[in-house]
Amino acid sequence: MRNRIKALKNRLSANKDSKALASNFGYLMIMQITGYIFPLLTIPYLARVIGVEGFGKIAFAAAVIVWFQTITDWGFSYTATRDIARNRGNLEKVSEIFSNVLWAKILLALISFIILFILTEYIPYLKENQTLLFITFMLVPAKILFADWFFQAIEKMKFITIFDLISKLIFTLCIFIFVQEKSDFILQPLFLSLGSILVGIVSFYLILFKWKVKIIAPKSKEVVETIKNSKDVFINNIVPNFYNSFSSVLLGFLGGSIANGLLDAGSKFANIAQQFINILSRVFFPFLSRKSNNHSIYAKINILITMISAILLIILAPFIIKIFFTAEFYDAILVLQIIAFSLIFQTLISTYGLNYMIIHGFEKSLRNITIACSMIGFVVSFPLIYFYNFLGAAILITGTRVLLGLSIMFKAKAIQRSILAK
């Protein structure tokens with residue numbers, strides 16, 4: 001009788017987990033679909049109005065600000081998600097984790113803005129784009145407010161999906177209404193930032209009043225300890241910028257806005273595909289934090305979906321670029337095909353790095369692999385971009401992801417074997 005009761009509890013638990021996974025997958029899918037359907041509607045319009053140069057300026061600013069977004073996030077999207085997922089039944093502990101992460105992010109955001117201000121004052125090319133960079137930087141405080149990692153941890157994404165949808169709808173309408181000439185390109189990041197802040201305010205309200213999370217006054221020792229505990233994940237997150245977003249920054253200095261526009265146009269659809277694939281990673285992360293023995297099933301699904309997506313993008317690249325962009329963007333076809341190939345290895349990074357090594361406490365090993373591979377990419381970036389321009393940047397991103405993805409997978413497999421051997 002006792003065994004039957006235990007078996008029944010296990011089935012109910014498994015059914016509950018399945019429902020939670022399906023629900024969060026559905027709402028994340030809606031959020032991601034709307035996040036990219038609306039931009040797909042605006043891409044042809046923006047390509048015609050602001051042109052490849054405007055695209056390049058927006059891409060350059062985004063590549064610079066992503067460094068500060070990574071600094072502000074500091075890896076909390078994974079470590080805090082993991083910690084809250086494991087303690088979500090304890091409101092006092094959840095409030096403590098959330099508060100420490102909030103104050104840590106605010107501190108890091110202030111430091112980031114000071115650094116950005118100094119750089120834009122003393123580097124001429126950044127000074128020319130100072131207004132654009134400051135507007136794009138608004139995404140940093142927006143991301144602090146929009147604590148999607150909290151909703152991911154408690155596996156309740158539906159409460160913010162609708163507000164995210166509304167903000168994206170308003171943002172899209174503003175593009176068509178207000179962007180009328182090339183000089184209006186600066187309005188694109190402005191509307192994006194304002195929409196993100198709106199969603200952030202709503203999500204923050206829900207956290208405080210629906211889930212009763214209390215904001216505890218900052219204690220310097222605990223905030224510093226929170227930052228210190230996530231440093232390995234932070235290093236793992238920021239180091240890839242030395243070959244990824246740095247390629248756009250370096251290309252901006254060496255090749256100009258047009259080259260950056262071509263790289264951005266070619267990368268955009270590969271990044272859209274990657275974001276859809278990342279839905280699986282985000283949905284399974286809190287689940288795998290509690291039940292890591294299901295990793296092999298998740299890995300097979302994620303890798304299979306990615307391979308299909310990559311093959312389709314490579315085949316359809318000429319049609320995609322010609323449908324969504326004007327003739328001045330056609331050189332981006334090869335960029336899309338090169339970057340699409342890298343999706344397979346980017347998925348290996350998330351599948352075996354973020355969703356295995358971090359969950360099992362091997363942040364330092366992951367950090368060391370990421371540093372080594374990213375530094376190789378950083379060194380190679382200078383000759384590749386100098387001699388091959390935007391194609392060199394695409395080759396750099398893909399080549400480094402291949403090296404990083406395979407290295408992480410082999411290391412994770414070795415860890416799996418050692419665990420099973422015990």
Side-chain angles (χ1 to χ4, degrees), residues 35-66 120 124-139 168 171-195 244-273 313 316-340 385 388-394 397:
Y36 286 101
I37 283 181
F38 287 129
L40 286 178
L41 295 175
T42 61
I43 283 175
Y45 179 76
L46 288 172
R48 179 168 53 85
V49 175
I50 68 175
V52 66
E53 186 174 3
F55 259 85
K57 289 180 178 180
I58 293 171
F60 176 80
V64 173
I65 299 305
V66 77
T120 54
Y125 189 72
L126 297 182
K127 181 69 173 179
E128 293 174 17
N129 296 281
Q130 189 179 56
T131 302
L132 175 61
L133 288 166
F134 284 172
I135 288 173
T136 310
F137 185 85
M138 290 168 61
L139 290 170
K168 286 182 172 66
F171 163 71
T172 301
L173 291 174
C174 287
I175 289 290
F176 288 111
I177 294 171
F178 296 103
V179 179
Q180 299 293 329
E181 54 188 41
K182 286 190 174 183
S183 59
D184 293 336
F185 72 89
I186 201 168
L187 295 177
Q188 193 269 357
L190 175 63
F191 293 142
L192 178 62
S193 298
L194 292 176
N244 199 347
S245 63
F246 178 75
S247 62
S248 295
V249 176
L250 184 60
L251 187 61
F253 281 99
L254 298 179
S257 297
I258 292 177
N260 242 334
L262 292 171
L263 177 65
D264 182 60
S267 303
K268 195 172 290 294
F269 286 89
N271 292 338
I272 289 174
L313 274 177
L316 298 175
F319 304 99
I320 293 172
I321 298 298
K322 290 178 180 179
I323 289 172
F324 286 94
F325 295 96
T326 56
E328 63 180 338
F329 287 90
Y330 286 178
D331 285 340
I333 292 172
L334 186 54
V335 174
L336 175 53
Q337 292 172 325
I338 294 171
I339 299 293
I385 293 175
Y388 299 104
N389 206 274
F390 61 91
L391 288 179
I397 293 170

Considering non-hydrogen atoms only, spot the tightest contact between [X] and [Y] and give its length.
{"X": "A259", "Y": "F390", "result": "O-CB, 3.6 Å"}
{"X": "A270", "Y": "L336", "result": "N-CD1, 3.7 Å"}
{"X": "A393", "Y": "L251", "result": "CB-CD2, 4.4 Å"}
{"X": "V52", "Y": "L262", "result": "CG2-N, 3.9 Å"}
{"X": "I338", "Y": "A394", "result": "CG2-O, 3.5 Å"}
{"X": "L132", "Y": "I58", "result": "CD2-N, 4.4 Å"}

Just verifying a value: how many Å separate [X] [atom1] and [Y] [atom2], rounded to the nearest 0.5 Å?
{"X": "Y125", "Y": "N129", "atom1": "OH", "atom2": "CG", "result": "5.5 Å"}
{"X": "L192", "Y": "I135", "atom1": "CG", "atom2": "CD1", "result": "11.5 Å"}
{"X": "K268", "Y": "F329", "atom1": "NZ", "atom2": "CZ", "result": "9.5 Å"}
{"X": "I339", "Y": "L263", "atom1": "CD1", "atom2": "CG", "result": "6.5 Å"}
{"X": "F134", "Y": "T136", "atom1": "CZ", "atom2": "OG1", "result": "11.0 Å"}
{"X": "Y330", "Y": "K322", "atom1": "OH", "atom2": "NZ", "result": "6.5 Å"}

Is a donor on one side and an acceptor on the other found under 3.5 Å between the side chain of [X] and the backbone of [Y]?
{"X": "N260", "Y": "G256", "value": "no"}
{"X": "T120", "Y": "L126", "value": "no"}
{"X": "Q180", "Y": "I177", "value": "yes"}

[X] vs [Y] side-chain heavy atoms within contact, under 4.5 Å:
{"X": "Q188", "Y": "F55", "answer": "no"}
{"X": "E328", "Y": "I258", "answer": "no"}
{"X": "S247", "Y": "I385", "answer": "yes"}
{"X": "I50", "Y": "V179", "answer": "yes"}
{"X": "P318", "Y": "Q337", "answer": "yes"}
{"X": "D184", "Y": "F178", "answer": "no"}

Specify whether [X] and [Y] have parallel, tilted or perpendicular ring planes, treating 30° as the upper limit for parallel and 60° as the lower limit for perpendicular.
{"X": "F253", "Y": "F60", "result": "perpendicular"}
{"X": "F269", "Y": "F324", "result": "tilted"}
{"X": "Y45", "Y": "F176", "result": "tilted"}

Open item on the list: Quick check on K127: does its NZ atom have over 12 non-hydrogen neighbours (other residues, nucleotides or ligands) under 6.0 Å away?
Closed with: yes
TODO: Any chance you could lay out the side-chain contact (heavy atoms from CB on, under 4.5 Å) test for L187 and C174, step after step, and finish with the verdict?
DONE: CA-CA 9 Å; L187 295 177; C174 287; over 6 Å; no
